[in-house]
Structure formats: C-alpha cells, structure tokens
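Have a look at the structure below before the remarks.
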Amino acid sequence: MTRLSGITPSGHVQLGNYLGALRRWAAEGGEHDLYFVSDLHAMTTTHNPGKLRGLAGEQLAVLIAAGIPEERVFVQSDLARELGALTWILECTASYGEAARMIQFKEKAEGRSGVRLSLLTYPVLMAADILLQGASEVPVGEDQRQHVELARALARRFNGTYGEVFTMPEAVLPKAGARVRDLADPARKMSKSTQDKAGVVFVLDEPDLVRRKIMRAVTDAERVPAYEPKTRPGLANLLDILAACTGKAPADLAEEHSSYGALKETVADAVIEELRPIREGATALLADAGELARVRKAGATRASARGEHRLQSALRLIGAG
C-alpha cells in the first residue's frame, strides 16, 4: 500500500501544518508512503516565481527536519516532464464537464475575471500526481475528496479503454490532527497564506517571536482558564495547542493554570521546545545548499523511477509511444 500526501508552498510552514500533518507523517508514515512539495499547484493564481522557488526549498528542508525519511520526499516540479506528459494523457481522457463540476473551481473562480485555465485543470494534474506514483490511498480533507474521485474516474476510464496501467486510488480521511486556530482571530484556521501574520506561528520563527505572538493571543474577558471551545475559542485554541505539544487533555491543562498569563507562558515554552529541532534542522539544511540540492535531486530520481514505467505504458497504450 502506498499513501501519497502533499503540501503546497503558498506560504511558510506554520504550526498548524506541523502539528496537524507533518508530525504525523514522520511518526506514522509507512515504508512505501510518499510526501511531496506541490509547487506546481501554487501556480494556479498570481505568484512571485522567486518566492515560490524559495518556499519550495524551504518546505523540503522542513519535511526532512520534521523526521520524514528523505527517500520518501520529493518536489513536484522536479517531475515536470513526467507530470506534463501524464496530465495531457489524462486531459485527453477527461471531459470538460468533469473539470467544470469541481466545487473548488466554482468557489475560487466565482466573481473573478482573468481566471487562469490552470485553476480549472489542476485537478487533472493532481490526478497525475496520484496515478504516476501508483498511490493506493490519498489522505485528504472533504474539500479535496472530489479531486480524488476524479482521479479514480480517469484511472477506471483509461484502464477500461486502453489497458490496465493505473492503480485505483482511494480517498481516506486522515486521523484528526491538532485543530490550530489563528491566535489573533480564533474564528479562522491558522494558515500559511493569511495576509495578517500576527496570529500565525511559523515553524521557522525565532523563539522570541514565537513567544511574543503567543503572549498577544486573543482570549476573553474571563480570568480563570477553562476549556470551553464554543464560548471561549481563543483560550480553547491555546489549550488545544498545549495539548498537542504535551499529550495531555485540554481540560486538565486548564485546571493546572490559575491565570491566562501563566497559561500563555506555558504554551510559549511548549511550542518553542516542540519546534526547536525542526527549526534548527531546517535552518542547517537551508544553509548547506549542496546538501539540500543532493537531497532534492535524489528524491526526484527516485520519484521519476517509480513512475516511469506507468508513464511509458500509458503513452504506448494511448498511441503516443
């Protein structure tokens, strides 16, 4: 069984990404599981090429520093030749209606002019990501489940029309990770693409900056900590973060603190220590351009080799090889 998961470099990796996904990938990943930096997916909207390139390298370094074995990691654009060819094959297998029905396309394109064609077709690229590597399971949230269903439909249609090449992938809901909210606005999730960075703790933030952001976190007018997510979401967010770092129950952690100030100090200490090895490891790797290039090239070579026979078989069967 091969599971495939990706992270898009739309911004710097933040605490929610790490606690909710990367840490779990490192701890629970199987021998054949694969993880990739989906930089091509970040091109569907306006972007800065130099910044995107830098973020892709940074995310690769963070994945390695988080403990994911380097043999399971690659950068999507390093397979541009293979993915470009397979995406075209799958576009020749898909219909316009299938692409246009994607809910995310409708939501993101609504009310906008000059929408890039790639916003319509990127689910086919996602299908190519999945099918090229022979992934049997794809952990996704509900917002991406429809895209995996498209990959299944295209694999089934290709296999039935031209010959058996592709594994039929299954969308699986990942285990619930830490639910990290924005420290400045707990009504929204912490996000690497949020414009206001005041409430976002990034994995590579210096410890002093992490502490300042947590100490300024929005709470409420009460004085005694209690875990009440619906009525006191800011405080509950801090307790959820602390629970993710310590393994204790949020309600029990609330009882251990007599004031908001003391709780924030504890949360800051825990987050700083949780992120310290990741920040130090990623920073060291980013400072060694040669080593990072070696890891990236090796990952690309392995990922290309894993998918080459599927691509060549698909090209031959569809009449292009």
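This one's a predicted model, so the numbers in the text were calculated from it and none came from an experiment. Only this structure's heavy atoms are used, side chains among them; waters, hydrogens and symmetry mates stay out.
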Just checking, is any N or O donor in the side chain of [X] or [Y] under 3.5 Å from an acceptor N or O on the other one?
X    : Y    : result
Q312 : H309 : no
T2   : Q133 : no
T8   : S38  : yes

Quick one: does [X]'s side chain have a donor or acceptor within less than 3.5 Å of a partner on [Y]'s backbone?
X    : Y    : answer
K264 : A217 : yes
E98  : S95  : yes
Q146 : I103 : yes
R310 : T167 : no
T194 : K197 : no
D288 : L285 : no
T121 : V124 : no
H32  : G30  : no

ask   = Taking L183 as the fixed residue, which of N237, V200, V218 is the one that meets the side chain to side chain contact (heavy atoms under 4.5 Å, CB included) rule?
value = N237
key: Among V267, L263, V224, side chain to side chain contact (heavy atoms under 4.5 Å, CB included) partner for H257   = L263
Write down the atom of [X], the atom of [Y], and the distance for their closest heavy-atom approach.
X    : Y    : value
R152 : M168 : O-CE, 3.6 Å
L4   : P139 : O-CD, 3.4 Å
Q59  : G11  : NE2-O, 3.4 Å
N159 : V165 : OD1-N, 3.0 Å
P250 : A243 : CG-CB, 3.8 Å
S10  : L55  : C-CD1, 4.3 Å

According to a 4.5 Å side-chain heavy-atom criterion applied to Ile, Leu, Val, Met, Phe, Trp and Tyr, with indirect links allowed, do [X] and [Y] form part of one hydrophobic cluster?
X    : Y    : value
L52  : M126 : yes
L311 : W88  : no
L173 : V148 : no

query = Just one of R302, R53, K297, R296 clears the salt bridge (charged side-chain N to carboxylate O under 4.0 Å, His left out) bar with D78, so which one?
reply = R296
A side-chain contact here means heavy atoms from C-beta on lying under 4.5 Å apart; do [X] and [Y] qualify?
X    : Y    : value
L40  : Y122 : no
R211 : V271 : no
E82  : S304 : yes
N17  : K192 : yes
L317 : T161 : no
E265 : Y260 : no
L275 : L204 : no

Drop me the distance from [X]'s [atom1] to [Y]'s [atom2], to the nearest 0.5 angstrom.
X    : Y    : atom1 : atom2 : result
L90  : L131 : CG    : CG    : 6.0 Å
R157 : F166 : CZ    : CZ    : 13.0 Å
L150 : Q144 : CG    : CD    : 11.5 Å
D220 : E228 : CG    : CD    : 8.5 Å
L15  : K213 : CG    : NZ    : 10.5 Å
Q76  : D129 : CD    : CG    : 4.5 Å

inquiry  = Can you confirm whether L209 is buried at CG, in the sense that more than 12 heavy atoms of other residues, nucleotides or ligands lie under 6.0 Å from that atom?
reply    = yes
ask   = So does R216 have more than 12 non-hydrogen atoms from other groups sitting under 6.0 Å from CZ?
value = no
R101/E149 under salt bridge (charged side-chain N to carboxylate O under 4.0 Å, His left out): CA gap, chis, key distance, verdict = CA-CA 12 Å; R101 282 196 297 271; E149 290 304 316; over 6 Å; no
R3 vs V172, side-chain contact (heavy atoms from CB on, under 4.5 Å): CA-CA, chis, key distance, verdict = CA-CA 10 Å; R3 286 193 172 196; V172 295; 4.1 Å; yes
Under a 4.0 Å threshold between the charged nitrogen and the carboxylate oxygen, would [Y] count as salt-bridged to [X]?
X    : Y    : answer
R279 : D205 : no
K248 : E256 : yes
R294 : E70  : yes

request  = Take R23 and E274, measure what side-chain contact (heavy atoms from CB on, under 4.5 Å) needs, and give me the verdict at the end.
outcome  = CA-CA 10 Å; R23 186 174 65 170; E274 181 73 27; 3.3 Å; yes
message = One pair to check against side-chain hydrogen bond (donor to acceptor under 3.5 Å, both in side chains): E170 and S136. What are the steps and the verdict?
response = CA-CA 6 Å; E170 292 278 354; S136 53; over 6 Å; no
query = For R116 and S118, what are the C-alpha separation, side-chain angles and deciding distance, and is it a side-chain contact (heavy atoms from CB on, under 4.5 Å)?
reply = CA-CA 5 Å; R116 295 184 178 183; S118 56; 3.6 Å; yes
task = Could you go through the side-chain hydrogen bond (donor to acceptor under 3.5 Å, both in side chains) check for Y227 and D240 one step at a time?
result = CA-CA 9 Å; Y227 187 62; D240 283 333; 2.7 Å; yes
Aromatic ring pairing F36/H41, orientation class (parallel under 30°, perpendicular over 60°, tilted between) = perpendicular
key: Test side-chain contact (heavy atoms from CB on, under 4.5 Å) applied to I272 and I214, step by step   = CA-CA 10 Å; I272 289 169; I214 291 174; over 6 Å; no
